[in-house]
Amino acid sequence: MKKTARKAPAAVAALVVGLALTSCTESGQDKENKAKQDNYDHLVAQQPAGRMEYSPTREAINQWIRTWGKRGKLSYVYIQNANGEYGYFIMKGLPVPRCKMLTPTERVESSSNGVAVLAQPGMDGTYSSGSTCNAYYGFDATTGAYMEFTVGTNQSFFLFDRPMTMPEYASARQLGPTSVKPSRKGPQGGP
């Protein structure tokens, strides 16, 4: 027991000396990171972040939640091609990017060799590269038909929570089974 008691202080002293020596060998990257942090701290002291009485960003997010957080809410998707022509879909809920998943797409594992990020299969049992974020899907408002579209260099889409009456949308072609027509449900039209 006495032998172990004598070795413990020596081990602690060696650990402290080792840590002190490693802290003395600061890398160039450590120096640059410290300089960046020092500069940031200086700027914050000189120009602290202002304080808002009201946040329009938080209000916009809350409005988004109030708008889209309703079961059965329709979305009106207007697609513009490279020629400037418009078409539209009416979907149940929001169009969903194909790269969205209900389960994690990666798992992090740590070991004595380091950290590894491992891909996880999707609900369909296959792996995705995550490169399908420009493809969207959804379901037709009246028939429930699956619809998918992509956006990119020659095609853009505009999402609304009601039909648009502006001139550029007035001539939009119906691309799905549901059309924008006045109905007994009110001025929004739809199914």
Side-chain angles (χ1 to χ4, degrees), residues 36 40 43 47 49-108 116-191:
K36 185 169 41 172
Y40 177 76
L43 291 173
Q47 299 167 304
R51 188 175 174 151
M52 297 176 76
E53 296 301 318
Y54 169 80
S55 170
T57 306
R58 293 180 67 87
E59 179 57 32
I61 292 169
N62 285 326
Q63 181 66 35
W64 184 91
I65 291 168
R66 287 188 296 272
T67 299
W68 296 109
K70 299 173 189 158
R71 186 181 301 269
K73 180 73 176 163
L74 299 180
S75 61
Y76 297 81
V77 180
Y78 290 85
I79 296 179
Q80 181 184 31
N81 66 21
N83 296 328
E85 301 161 334
Y86 286 89
Y88 71 89
F89 296 112
I90 303 175
M91 297 179 156
K92 292 178 185 176
L94 290 167
V96 178
R98 287 215 32 232
C99 61
K100 291 276 188 184
M101 302 290 164
L102 288 176
T103 56
T105 58
E106 298 175 332
R107 181 178 78 234
V108 178
V117 178
L118 305 172
Q120 295 294 292
M123 293 304 288
D124 63 355
T126 64
Y127 294 85
S128 172
S129 66
S131 62
T132 55
C133 289
N134 65 338
Y136 292 80
Y137 68 92
F139 300 89
D140 181 71
T142 53
T143 66
Y146 177 85
M147 298 187 298
E148 186 171 312
F149 60 94
T150 58
V151 293
T153 12
N154 293 323
Q155 187 164 282
S156 303
F157 86 94
F158 305 90
L159 176 68
F160 301 96
D161 71 332
R162 59 189 57 130
M164 289 291 103
T165 57
M166 298 182 313
E168 55 269 29
Y169 300 115
S171 62
R173 283 187 16 244
Q174 177 182 340
L175 300 174
T178 306
S179 69
V180 175
K181 294 204 168 113
S183 73
R184 292 184 182 143
K185 292 184 178 184
Q188 288 188 357

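Treat the numbers as computed from the prediction; the structure is a model and nothing was measured.
- A 4.5 Å side-chain heavy-atom check between Gln80 and Glu168 finds every atom pair outside the cut-off.
- Looking at heavy atoms from C-beta onward, Pro163 lies out of side-chain contact with Tyr88 at the 4.5 angstrom threshold.
- Distance NZ/Lys92 to CG/Asp140: 8.0 Å, rounded to 0.5 Å.
- No close placement of the Tyr76 and Tyr169 rings is indicated, their centers lying 6.0 Å or farther apart.
- Here the straight-line distance linking atom CE of Met166 with atom CZ of Phe160 works out to 5.0 Å at 0.5 Å rounding.
- The line from CG of Leu74 to OG1 of Thr142 is 9.5 Å long, rounded to the nearest 0.5 Å.
- The shortest heavy-atom contact between Arg98 and Tyr137 is CG-CD2, 3.7 Å.
- Nearest heavy-atom pair across Met147 and Gly176 is SD-CA, 4.3 Å.
- Not a single donor-acceptor pair under 3.5 Å links the side chain of Asp161 to the backbone N or O of Trp68.
- In this structure, the separation between CD on Gln155 and CD on Glu85 is 11.0 Å, given to the nearest 0.5 Å.
- Remark: side-chain polar atoms of Gln174 are paired, donor with acceptor, to backbone N or O of Pro177 under 3.5 angstrom.
- The shortest side-chain heavy-atom distance between Gln120 and Thr103 does not fall under the 4.5 Å cut-off.
- When Phe139, Tyr136, Phe89 are each tested for a ring pair (Phe, Tyr, Trp, His ring centres under 6.0 Å) with Tyr146, only one passes: Phe139.
- Counting heavy atoms of neighbouring residues, nucleotides and ligands inside a 6.0 Å radius, atom CZ of Arg66 exceeds 12 of them.
- Residues Thr150 and Asn134 bring no donor and acceptor atom of their side chains to less than 3.5 Å of each other.
- Summarising the local packing, CE of Met123 is surrounded by 12 or fewer heavy atoms from other residues, nucleotides or ligands at distances under 6.0 Å.
- For the pair Ser75 and Pro95, the tightest heavy-atom approach, listed with the atom from each and the gap, is OG-CD, 3.8 Å.
- Put simply, CD on Glu59 and OG1 on Thr57 are 10.5 Å apart, with the number rounded to the nearest 0.5 Å.
- The line from CZ of Arg162 to OG1 of Thr67 is 8.0 Å long, rounded to the nearest 0.5 Å.
- Contact of the Tyr86 side chain with the Ser156 side chain is not registered, since no non-hydrogen atoms from C-beta on lie closer than 4.5 Å.
- Scanning all heavy atoms of the two residues, the minimum distance from Asn83 to Asn81 falls at N-OD1, 2.9 Å.
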